[in-house]
Amino acid sequence: MSVRFTAKARRGMVALTVAAGLAVGLAGCGGGGSEDKKPQTLPSVSKGTGSNPSAQQQKPDAPLAELRGQGGLTLQITAAERDSGGFVTVNGDLKNDASQSLVIPSALRGDETEIVQHGTSLGGATLVDSKGKKRYYVLRDTEGRPLTTIGLTSIQSGQTIPVFMQFPSPPAGTSEVTLQLPTFSSGTIKISG
């Protein structure tokens, strides 16, 4: 019985044979080399027996602030960093501490027409600099989208969603501001950087 292969089938078999040969060749290259080389070891994370964890392992960093919302929502602010580009990025975790799923309130996006048309977001957030007597609103891109986490619809019981908001930077001398978000309590946060 004679078997005929088309040109396409032959190219496929050649490619498969070459790939198998390369795989075998690479596998054989792993252990060669000079005998006097020391094996690589990864640096130890903690010294000692392992029974004394570092301070970072004992407790996570405390949030800068915790804002309480309606129905069991909380917003823990984990960082507020000033950037050389002239803005402040606020990061946090939106958590559902309730026993059931919650719909994210549409009021979080604020009531500005430009932001409302882009769906649910944290676009209603503001930073208040009481020392400088100024309020800073969430930045927007060229199409009017807020520079925050967007597309928030619902949050399951016990779920945590990482979120961010970007604002114009207060003057360098201002290190504490109050974060306000509709339907949430206010919280004072310290800006780093």
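We're numbering straight along the sequence, starting at 1. These numbers come from the heavy atoms of this one structure, side chains and all, not from hydrogens, waters or symmetry mates.
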Practice task
Tell me yes or no: between the side chains of R135 and T126, is some donor less than 3.5 Å from an acceptor?
Solution key: yes
Exercise for the section: Check Y136 against F167 and note the closest heavy-atom contact, atom names and distance. Expected result: O-CD2, 3.5 Å
Exercise for the section: Using atom types as modelled and distance alone, determine if a side-chain donor or acceptor of T149 lies under 3.5 Å from a backbone N or O of F164. Expected result: yes
Handout entry: Residue pair V88 / P170: nearest heavy atoms and the distance that separates them
Key = CG2-CD, 3.7 Å
Fill in the blank from the handout: Nearest heavy-atom approach of P182 to G124 is CD-O, 3.5 Å
Exercise for the section: Could you pull out the closest heavy-atom pair between L152 and T120, with the gap in Å? Expected result: O-CB, 3.0 Å
Exercise for the section: Flag the pair L127 / L179 as yes when at least one side-chain heavy-atom distance between them is below 4.5 Å, and no otherwise. Expected result: yes
Practice task
Would you tell me whether T174 and D129 have side-chain atoms, one donor and one acceptor, within less than 3.5 Å of each other?
Solution key: yes
Handout entry: S157 side-chain N/O to S101 backbone N/O, donor-acceptor pair under 3.5 Å
Key = no
Problem - Student check: side-chain heavy atoms of E114 and R140 closer than 4.5 Å - result: yes
Exercise for the section: Taking the side chain as every heavy atom from C-beta outward, state whether V128 and V177 have any pair of such atoms under 4.5 Å apart. Expected result: no
Exercise for the section: Spell out, as yes or no, whether a donor-acceptor pair under 3.5 Å connects the side chain of N96 to the backbone of Q156. Expected result: yes
Exercise for the section: Nearest 0.5 Å please: distance from the CD atom of Q180 over to the OG atom of S186. Expected result: 4.0 Å
Fill in the blank from the handout: Of all heavy-atom pairs linking P105 and L73, the shortest is CD-CD1, 3.8 Å
Practice task
Ignoring hydrogens and angles, tell me if any N or O in the side chain of H118 forms a donor-acceptor pair with the backbone of G123 under 3.5 Å.
Solution key: no
Completion exercise
Tested for side-chain contact (heavy atoms from CB on, under 4.5 Å) against L94, the lone hit among T74, T160, V163 is V163
Exercise for the section: To the nearest 0.5 angstrom, please state how far the CD atom of Q159 sits from the CG atom of L102. Expected result: 10.5 Å
Problem - Minimum heavy-atom distance S121-I115, with the two atoms named - result: OG-CG2, 4.0 Å
Exercise for the section: For residues 75-87, pull every pair meeting salt bridge (Lys or Arg N to Asp or Glu O under 4.0 Å), keeping only residues two or more places apart or in separate chains. Expected result: none
Fill in the blank from the handout: To the nearest 0.5 Å, atom OG of S175 lies from atom NZ of K131 at 7.0 Å
Problem - Heavy-atom side-chain proximity of F184 to Q70 below 4.5 angstrom - result: no
Practice task
Could you check if a side-chain atom of L181 sits within less than 4.5 angstrom of a side-chain atom of L108, using non-hydrogen atoms only?
Solution key: yes
Practice task
Compare all side-chain heavy atoms of I104 with those of I155 and state whether any distance is below 4.5 angstrom.
Solution key: yes
Exercise for the section: Output the rest of the hydrophobic cluster of L139: all Ile, Leu, Val, Met, Phe, Trp and Tyr residues reachable through side-chain heavy-atom contacts under 4.5 Å, sorted by chain and number. Expected result: F87, L147
Handout entry: Salt bridge flag under 4.0 Å for residues K95 and E66
Key = no
Practice task
Determine, step by step, whether Q166 and T89 satisfy the side chain to side chain donor-acceptor pair (under 3.5 Å) criterion, reporting the C-alpha distance in whole Å, the side-chain angles of both residues, the deciding distance to 0.1 Å, and the verdict.
Solution key: CA-CA 4 Å; Q166 286 187 328; T89 302; 3.0 Å; yes
Problem - Close side-chain approach of R68 to T183, heavy-atom, < 4.5 Å - result: no
Problem - Gap separating the CD1 atom of I150 from the CG atom of L122, nearest 0.5 angstrom - result: 10.5 Å
